[in-house]
Trainee: 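This is the structure I have questions about; it appears just below.
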Amino acid sequence: MSDIIKISTVHDFNERLGVEDRHPLVSVIDFSAYPPRHLFRALLGVYGIYIREDEPQNVVYGTSKYDFLGGTLIAIAPGQISGAEDIGRPIQRKGWAILFDAELLRGTQLAQKIDKYTFFSYEVSEALHMQDSERETIVECLKHIRSELSGPQDEYSRTILVAYIEVLLNYCMRFYGRQFSTRKAVSKDILVRFERILTDYFELGEQLHHGLPNVQECAERLALSPNYFGDLIKRETGETPHEHIQRFLIERVKIALASGDKSISEIAYDLGFNYTHHLSRIFKKSTGMSPSEYIAALKLK
């Protein structure tokens, strides 16, 4: 396995590829315009969005590997590992990339909401597979940014660059939404498996040893990144995975309360709550009644 190179700045990446610096904090690269280069893996200190249009390569992202097909897009956040293993000879890459430093966004509205672009934390296997029209839109955005970088920098340059980047990110969000919508069968399957994981969790008594199920663990069992899992479930059900888990818990609490066999504290223990008041709090938030009030209401029926 090849060594991991540290790419801390936009300049570091440009220098590695032999690309001229046009701005210290942002760079747009058309790979086809540059000669073949050896592949490499890198720990990035900047944001990156890549469009791959070349032949499939064994790309590494974090600890996962993925064979890219043409016309796929992946976004990388600072602190993540990306790239491909060196195969011992230079490769002529095709496609585009934009890299930008968080410093470019400092003090802007985009800096305050960059975390909403959750696709920066998706796994490679959750890449965006673009339609031709979508690819053209993304590339057009990149060309606008490149054009702005080619001209003289003035007091408006940063504002315009950040605005173009925000448009680009919003298009990525839109196209990921389309991908979720067109993969309904996959989404339904994941939702069914999510429900099965929750059911099995309690049937096997895992809550007695590990406490309440959480989103991170459910995502891992589904082999999904937490952000992709969250966005998919939200798109499919209108609620977050955390809300889905809580609703699942409330239904089990209702069943246990209706049976009348155990006290509220015993039910809390059986379901993996650390404290009875935690159960009572989320139950009242969900139903508008405390567990005791719910039991009283059942007796009146």
Side-chain angles (χ1 to χ4, degrees), residues 2-53 59-62 73-84 86 90-122 128 137-173:
S2 59
D3 293 335
I4 297 174
I5 298 165
K6 190 174 183 180
I7 302 290
S8 300
T9 65
V10 169
H11 168 75
D12 291 344
F13 194 87
N14 287 344
E15 185 176 46
R16 184 78 188 179
L17 295 181
V19 176
E20 177 187 0
D21 283 334
R22 293 184 175 180
H23 192 287
L25 300 178
V26 60
S27 180
V28 173
I29 299 163
D30 176 2
F31 288 110
S32 64
Y34 296 93
R37 296 279 179 179
H38 283 272
L39 302 175
F40 61 92
R41 300 173 66 216
L43 173 63
L44 290 183
V46 295
Y47 289 95
I49 294 178
Y50 301 86
I51 298 175
R52 296 296 301 271
E53 301 167 348
V59 175
V60 178
Y61 176 81
L73 179 149
I74 185 169
I76 312 292
Q80 296 174 346
I81 295 173
S82 180
D86 185 0
I91 294 293
Q92 178 61 62
R93 298 178 63 184
K94 298 179 182 178
W96 292 75
I98 177 172
L99 289 97
F100 59 93
D101 198 302
E103 185 64 29
L104 180 73
L105 312 182
R106 192 175 301 279
T108 68
Q109 290 186 349
L110 181 55
Q112 299 173 21
K113 56 186 180 182
I114 190 68
D115 289 344
K116 86 169 189 176
Y117 298 102
T118 48
F119 51 79
F120 277 110
S121 296
Y122 288 178
L128 173 62
T137 297
I138 294 294
V139 171
E140 195 63 29
C141 286
L142 295 176
K143 287 180 178 178
H144 281 305
I145 297 171
R146 185 178 63 174
S147 177
E148 180 63 29
L149 292 171
S150 299
Q153 301 295 299
D154 56 30
E155 60 183 305
Y156 300 103
S157 298
R158 181 166 173 265
T159 300
I160 292 171
L161 287 170
V162 171
Y164 276 137
I165 289 172
E166 185 169 3
V167 170
L168 171 66
L169 300 183
N170 285 333
Y171 273 123
C172 290
M173 288 283 280

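If you're wondering where the values come from, they're calculated on a predicted model, not measured in any experiment.
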Trainee: State, with a plain yes or no, whether a side-chain heavy atom of Arg22 is found less than 4.5 Å away from one of Ser150.
Mentor: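 Yes, at least one pair of side-chain atoms sits under 4.5 Å.
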Trainee: Holding to ring pair (Phe, Tyr, Trp, His ring centres under 6.0 Å), I want the full list of residues that pass it with Tyr34, two or more places apart in sequence or in another chain.
Mentor: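 Expected list: none.
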Trainee: Taking atom OG1 of Thr9 and atom CG of Leu25, what is their separation to the nearest 0.5 Å?
Mentor: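 Rounded to the nearest 0.5 Å, the OG1-CG separation comes out at 9.5 Å.
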Trainee: In Å, rounded to the nearest 0.5 Å, how long is the span from NZ of Lys116 to CG of Leu110?
Mentor: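 Between atom NZ of Lys116 and atom CG of Leu110 there are 9.0 Å.
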Trainee: With side chains defined as the heavy atoms from C-beta onward, is the minimum distance between Tyr171 and Cys141 less than 4.5 Å?
Mentor: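 SC-SC contact between Tyr171 and Cys141 confirmed.
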Trainee: Taking the side chain as every heavy atom from C-beta outward, state whether His38 and Pro90 have any pair of such atoms under 4.5 Å apart.
Mentor: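 Yes, their side chains come closer than 4.5 Å.
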Trainee: What are the two closest non-hydrogen atoms of Tyr47 and Ala77, and how far apart are they?
Mentor: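 The answer is CD2-CA, 4.0 Å.
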Trainee: Where do Ala75 and Ile49 come nearest, in terms of heavy atoms and distance?
Mentor: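 In this case the closest contact between Ala75 and Ile49 is CB-CG1, 4.1 Å.
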Trainee: Rounded to the nearest 0.5 Å, what separation is found between the CD1 atom of Ile29 and the CG atom of Leu17?
Mentor: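 Those atoms lie 5.0 Å apart.
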Trainee: To the nearest 0.5 Å, tell me how far Tyr50 OH sits from Leu99 CG.
Mentor: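 One gets 4.5 Å once the value is rounded to the nearest 0.5 Å.
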Trainee: Scan residues 138-150 for pairs that pass salt bridge (Lys or Arg N to Asp or Glu O under 4.0 Å), counting only residues two or more places apart or in two chains.
Mentor: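 Salt bridge (Lys or Arg N to Asp or Glu O under 4.0 Å) check on residues 138-150 returns no pairs.
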Trainee: List the atom of Ser27, the atom of Val19, and the distance in Å for their closest heavy-atom pair.
Mentor: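 Minimum heavy-atom separation between Ser27 and Val19: OG-CG1, 4.4 Å.
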Trainee: Looking only at non-hydrogen atoms, find the nearest pair between Arg158 and Glu103 and report the distance.
Mentor: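 The answer is NH2-O, 4.1 Å.
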Trainee: Search all heavy atoms of Gln92 against all heavy atoms of Ser32 and return the closest pair with its distance.
Mentor: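 Reported closest heavy-atom pair: NE2-CA, 3.9 Å.
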Trainee: Report the distance from atom CD1 of Ile4 to atom CD1 of Ile81, rounding to the nearest 0.5 Å.
Mentor: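 Reported value, rounded in 0.5 Å steps: 3.5 Å.
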Trainee: Given side chain to side chain contact (heavy atoms under 4.5 Å, CB included), test Ile51 with Leu142 step by step and report yes or no.
Mentor: CA-CA 11 Å; Ile51 298 175; Leu142 295 176; 4.1 Å; yes
Trainee: For a quick test of your reading: what N or O donor-acceptor pairs under 3.5 Å do the side chains of residues 159-170 make, sequence neighbours left out?
Mentor:
unit_1 : atom_1 : unit_2 : atom_2 : d
Glu166 : OE2    : Lys113 : NZ     : 2.6
Asn170 : OD1    : Tyr117 : OH     : 2.8
Asn170 : ND2    : Glu166 : O      : 3.3

Trainee: Please step through side chain to side chain contact (heavy atoms under 4.5 Å, CB included) for the pair Phe119 and Cys172, ending with a clear verdict.
Mentor: CA-CA 8 Å; Phe119 51 79; Cys172 290; 3.6 Å; yes
Trainee: Would you compute the distance between atom CG of Asp3 and atom CZ of Arg41 and round it to the nearest 0.5 angstrom?
Mentor: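 Reported value, rounded in 0.5 Å steps: 9.5 Å.
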Trainee: Taking the side chain as every heavy atom from C-beta outward, state whether Ile98 and Val26 have any pair of such atoms under 4.5 Å apart.
Mentor: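 Answer yes - side chains close enough.
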Trainee: Please answer whether the main-chain N or O of His23 pairs with a side-chain N or O of Gln153 as donor and acceptor at a distance below 3.5 Å.
Mentor: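 No.
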Trainee: Would you find a donor on one side and an acceptor on the other, under 3.5 Å apart, between the side chain of Asp101 and the backbone of Leu104?
Mentor: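 No; judged by distance alone, with no hydrogens or angles, the pair does not exist.
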Trainee: For Ile7 versus Ala42, what's the shortest heavy-atom pair and its separation?
Mentor: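 Here Ile7 and Ala42 meet closest at CG1-CB, 3.5 Å.
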Trainee: Looking at side-chain heavy atoms only, is the closest gap between Leu105 and Phe100 below 4.5 Å?
Mentor: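 Leu105 vs Phe100: side chains touch.
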